[in-house]
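These notes are about the structure you will find just below.
Below, each value reflects all heavy atoms present in this structure, side chains not excepted, and no hydrogens, waters or symmetry copies.
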Amino acid sequence: VPQLGLAIVASIRLSDIWAPFINAAAAAGFAAAGAVLLGTLVFWRASVPVVQHLESNMAELEQEVKQRSTAEERERDAHANLVALINASPESAFLIDSEGIILICNKVTASRWDMTPAEMAGGHFASFLSPQLAESRSRQIGQVLATGKPLQFEDEREGLHFSNHLYPVVGEEGQVRGVAIFGPDITWQREVQLNLERHTRLLDSLRHAQELFIAGADPRNVYNELLDILVEVTDSAYGFLDEMMCDPDGTPYKLSLALSNISWNEDSQALYQQLVDRKLEFRNLANLSGAPVTEGRTVIANDAAAHAL
């Protein structure tokens, strides 16, 4: 109240408290103003216009309190809606500010670090990543902050593949204030795609080998090409291709058709050439390579020496 040099701050209905005192004071030629201090109500003598001015100020203050209360309620509702929205996503979703601080994240994001959303909020996103991945993602986020344009890219974390979608959060003045990030796990899609590509290459190779056989090409070239494709499709380092044969008495053995070239110098290359030029026969089948012939089953062994046949 400028005329009285007073300021009244309250979060209650001021008019309900002051109205009886104001009316009584006005009738007596006083203006009511003051505060309740330790149970004491203080009055100052003033003119009737001052009373009216005080009433007006109190009404404006009450209206401001109501507006602020409404704004706070709307802000709480907006935050609750945002939490519900990102938690509705079955994939990682979170929001960071321009400094990289996580403002909010959903439960999926937190679960991938065995944490809760509350535990991650307030931390820098890079602190949850390896140094190399943090540097890479920082560059991508910096690009979105600088350009204000969305960005999509893929990367890998601990064997999982993610398709990262970055969207700028733009303020009223057009300044980028943060980045919203949506990162679905696409590991299984990539595996399906890679398997499909492997099968396609294998079928194409088999078709090509059939065409070579029909055209009367050198069988050794056909076998070598088949072996190269099998090694590639199975992600192997090397391999060999044998044919099962039998002696007149029915004893099985293997005849070499193709052998991977794993030579590392001239001497090993010469030895490899000698082996492929000969028709190698393998009579001892009591080993891993002989098990498919003698037992008719697929054998997979990570420790060949300790593998029991």
Side-chain angles (χ1 to χ4, degrees), residues 71-202 231-237 302:
E72 291 175 356
E73 183 177 355
R74 289 177 179 175
E75 184 176 351
R76 288 193 297 268
D77 290 343
H79 184 270
N81 292 336
L82 178 58
V83 171
L85 180 62
I86 65 171
N87 279 323
S89 169
E91 296 290 350
S92 296
F94 58 101
L95 178 67
I96 63 175
D97 64 14
S98 59
E99 300 298 325
I101 302 300
I102 297 177
L103 302 177
I104 188 173
C105 71
N106 66 355
K107 296 178 181 179
V108 176
T109 302
S111 67
R112 286 176 173 162
W113 275 275
D114 295 326
M115 300 177 69
T116 64
E119 291 172 336
M120 294 193 69
H124 196 283
F125 81 92
S127 65
F128 300 100
L129 305 173
S130 66
Q132 182 178 2
L133 187 57
E135 180 182 0
S136 172
R137 291 193 180 181
S138 294
R139 289 198 305 269
Q140 309 290 357
I141 292 173
Q143 179 178 337
V144 175
L145 291 172
T147 64
K149 296 181 179 180
L151 181 65
Q152 187 276 330
F153 64 94
E154 296 181 9
D155 59 17
E156 179 182 355
R157 183 179 68 82
E158 298 180 355
L160 299 178
H161 295 268
F162 294 93
S163 176
N164 301 286
H165 301 257
L166 279 57
Y167 299 89
V169 179
V170 182
E172 296 181 357
E173 299 179 355
Q175 183 179 4
V176 180
R177 301 171 57 185
V179 179
I181 302 173
F182 177 66
D185 181 355
I186 60 170
T187 304
W188 72 271
Q189 292 98 320
R190 285 181 59 87
E191 291 177 350
V192 169
Q193 181 182 357
L194 291 176
N195 288 333
L196 180 59
E197 292 175 354
R198 291 192 188 101
H199 292 159
T200 300
R201 291 199 305 271
L202 179 58
V231 169
E232 178 186 355
V233 169
T234 58
D235 291 329
S236 301
N302 294 323

Please assess L129 against R137 for the test side chain to side chain contact (heavy atoms under 4.5 Å, CB included), listing each intermediate value before the final yes or no.
CA-CA 9 Å; L129 305 173; R137 291 193 180 181; 3.8 Å; yes
For residues [X] and [Y], determine if any side-chain heavy atom of one lies less than 4.5 Å from a side-chain heavy atom of the other.
X: R157; Y: S130; answer: no
X: P184; Y: S92; answer: no
X: D185; Y: F162; answer: yes

Does S163 use its side chain to pair, donor to acceptor, with the backbone of E154 at less than 3.5 Å?
no
Got a second to check how far [X]'s [atom1] is from [Y]'s [atom2], nearest 0.5 Å?
X: E191; Y: H161; atom1: CD; atom2: NE2; result: 7.5 Å
X: L166; Y: Q140; atom1: CG; atom2: CD; result: 7.5 Å
X: N164; Y: D155; atom1: CG; atom2: CG; result: 4.5 Å

Contacts of V192 meeting side chain to side chain contact (heavy atoms under 4.5 Å, CB included) (sequence neighbours excluded), chain-then-number -> W188
Residues that R177 engages under side chain to side chain contact (heavy atoms under 4.5 Å, CB included), provided they are two or more places apart
none
Report, as yes or no, whether the 6.0 Å neighbourhood of atom CD on E119 holds more than 12 heavy atoms from other residues, nucleotides or ligands.
yes
Considering all heavy atoms, the nearest [X]-[Y] contact:
X: W113; Y: F128; result: NE1-O, 2.8 Å
X: I186; Y: Q189; result: CA-OE1, 3.0 Å
X: A110; Y: P117; result: CB-N, 3.5 Å

Show the atom names and distances, to 0.1 Å, of all donor-acceptor pairs under 3.5 Å that link a side chain in residues 93-107 to residues at least two apart or in another chain.
residue, atom, partner, partner atom, Å
D97, OD1, E99, N, 2.9
D97, OD1, G100, N, 3.0
D97, OD1, I101, N, 2.9
N106, OD1, A93, N, 3.3
N106, OD1, T109, N, 2.9
N106, OD1, T109, OG1, 2.6
N106, ND2, I86, O, 3.0
N106, ND2, E91, O, 2.8

Is there a side chain to side chain contact (heavy atoms under 4.5 Å, CB included) between I181 and F125 once you walk through the steps?
CA-CA 11 Å; I181 302 173; F125 81 92; over 6 Å; no
Apply side chain to side chain contact (heavy atoms under 4.5 Å, CB included) to R139 and F153, showing your working.
CA-CA 12 Å; R139 289 198 305 269; F153 64 94; over 6 Å; no
